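Down below is the structure, laid out as structure tokens.
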Amino acid sequence: MKRILIVIAAMSALLTAVSCDKYEDGRPSKEIRQLFAEMYPDAKDVEWEAEKGYWKVSFETGTAPAIVESEAWYDAAGNWVRTETDILPSSVPEEIKTILGSSEYGSAMIDEVEYVQTPDEEFYQFSLSLAGLPVYINVYKDGRVALAKFEW
């Protein structure tokens with residue numbers, strides 16, 4: 001009887017070890033979580049999710065009534081890839097509004113705006129309604145306006 005219990009315990013331990021994901025707690029590695037904590041020390045309501053080969057973390061910063069919602073993305077190697085922060089259309093800088101207004105999309109209705117940061121660039125991404133169809137436009141401080149490319 002004692003041998004049977006030892007065998008069952010050993011098999012249970014083996015099955016537990018084999019069935020674990022790469023990250024025991026369902027979150028990314030300690031290094032990724034540490035980088036996030038360094039980048040966003042005031043983050044609240046932090047939620048991690050594996051999505052399309054990346055780790056996406058949704059979080060809030062600020063205090064009521066100025067709470068800001070953001071998502072940061074990290075690759076499996078632990079590199080920060082991008083951060084998307086929801087902003088009110090009224091919070092968009094005038095220079096960006098002017099660039100958008102003088103583009104072919106200037107007459108479109110703004111549905112949502114995100115401020116996007118990557119290691120290489122920063123831009124405002126507008127979700128617009130143009131003739132009843134959704135259009136996503138990136139507007140850069142240097143005056144560029146481009147259709148958004150979604151790789152996510």
Side-chain angles (χ1 to χ4, degrees), residues 12-13 15-152:
S12 294
L15 286 174
T16 301
V18 171
S19 66
C20 285
D21 287 333
K22 183 174 181 182
Y23 305 109
E24 294 174 12
D25 57 4
R27 295 184 297 170
S29 68
K30 181 180 177 182
E31 292 78 19
I32 293 174
R33 291 181 297 190
Q34 185 174 353
L35 176 59
F36 170 75
E38 290 170 6
M39 291 178 73
Y40 303 100
D42 298 329
K44 300 176 207 137
D45 295 327
V46 175
E47 296 179 19
W48 290 94
E49 178 182 356
E51 188 171 311
K52 300 178 185 174
Y54 296 92
W55 281 103
K56 176 179 83 170
V57 56
S58 302
F59 63 99
E60 295 178 349
T61 54
T63 57
I67 293 175
V68 177
E69 295 180 7
S70 299
E71 292 179 347
W73 296 72
Y74 298 85
D75 64 19
N79 301 304
W80 170 68
V81 177
R82 70 190 285 131
T83 299
E84 302 169 354
T85 302
D86 294 337
I87 63 171
L88 296 171
S90 60
S91 298
V92 174
E94 286 302 319
E95 66 182 284
I96 299 298
K97 289 180 187 177
T98 300
I99 294 167
L100 180 64
S102 63
S103 74
E104 62 185 287
Y105 307 102
S107 64
M109 181 169 46
I110 299 172
D111 295 326
E112 295 179 2
V113 184
E114 290 183 330
Y115 179 62
V116 180
Q117 298 166 286
T118 72
D120 300 323
E121 58 191 356
E122 299 176 12
F123 55 90
Y124 291 83
Q125 187 169 81
F126 291 85
S127 170
L128 306 173
S129 292
L130 190 61
L133 299 172
V135 178
Y136 298 90
I137 303 298
N138 295 342
V139 179
Y140 302 82
K141 288 183 179 181
D142 66 5
R144 290 181 292 140
V145 177
L147 285 171
K149 296 178 184 174
F150 292 102
E151 301 167 5
W152 312 98

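From a predicted model like this one, the values you see are computed outputs, not experimental measurements.
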(message) Do Ile137 and Leu128 make a side-chain contact, defined as non-hydrogen atoms from C-beta onward lying under 4.5 Å apart?
(response) yes
(request) Evaluate the ring planes of Trp48 and Trp55, with Trp represented by its six-membered ring, and classify them as parallel (under 30°), tilted (30 to 60°) or perpendicular (over 60°). (result) perpendicular
(message) The criterion is side-chain hydrogen bond (donor to acceptor under 3.5 Å, both in side chains); which residues satisfy it with Ser129, sequence neighbours excluded?
(response) Asp111
(request) Kindly indicate, with the supporting measurements, whether the criterion side chain to side chain contact (heavy atoms under 4.5 Å, CB included) is fulfilled by Phe123 and Arg144. (result) CA-CA 10 Å; Phe123 55 90; Arg144 290 181 292 140; over 6 Å; no
(request) Heavy atoms only: give me the nearest Thr61-Ala43 pair and the separation to one decimal. (result) CG2-CA, 4.1 Å
(request) Would you mind reporting whether Val145 and Phe126 have side-chain heavy atoms less than 4.5 Å apart? (result) no
Mind listing the side-chain donor-acceptor pairs of residues 34-42 below 3.5 Å, one per line with the distance, residues two or more places apart or on another chain?
{"unit_1": "Tyr40", "atom_1": "OH", "unit_2": "Thr83", "atom_2": "OG1", "d": "2.6"}

(request) Would you list the pairs meeting salt bridge (Lys or Arg N to Asp or Glu O under 4.0 Å) in which at least one residue belongs to residues 61-78, sequence neighbours left out? (result) Lys56-Glu71
(request) Taking the side chain as every heavy atom from C-beta outward, state whether Val81 and Thr118 have any atom pair closer than 4.5 Å. (result) no
(message) Under the rule for salt bridge (Lys or Arg N to Asp or Glu O under 4.0 Å), what residues qualify as partners of Glu114, not counting sequence neighbours?
(response) none
(message) If you compare all heavy atoms of Gly62 against all heavy atoms of Ile67, which two are closest, and at what distance to 0.1 Å?
(response) O-CG1, 4.2 Å
(request) Please list, chain by chain and in numerical order, all residues satisfying side-chain contact (heavy atoms from CB on, under 4.5 Å) with Ala131, sequence neighbours excluded. (result) none
(message) Quick one, Lys44 with Thr63, criterion side chain to side chain contact (heavy atoms under 4.5 Å, CB included). Give me CA distance, side-chain angles, the key distance, then yes/no.
(response) CA-CA 10 Å; Lys44 300 176 207 137; Thr63 57; 3.8 Å; yes
Using a 3.5 Å cut-off and no angle test, enumerate the donor-acceptor pairs between side-chain atoms of residues 97-109 and protein atoms at least two apart in sequence or in another chain.
{"unit_1": "Thr98", "atom_1": "OG1", "unit_2": "Glu94", "atom_2": "O", "d": "2.9"}
{"unit_1": "Ser102", "atom_1": "OG", "unit_2": "Thr98", "atom_2": "O", "d": "3.2"}
{"unit_1": "Ser102", "atom_1": "OG", "unit_2": "Ile99", "atom_2": "O", "d": "3.1"}
{"unit_1": "Ser103", "atom_1": "OG", "unit_2": "Leu100", "atom_2": "O", "d": "2.7"}
{"unit_1": "Ser103", "atom_1": "OG", "unit_2": "Tyr105", "atom_2": "N", "d": "3.1"}

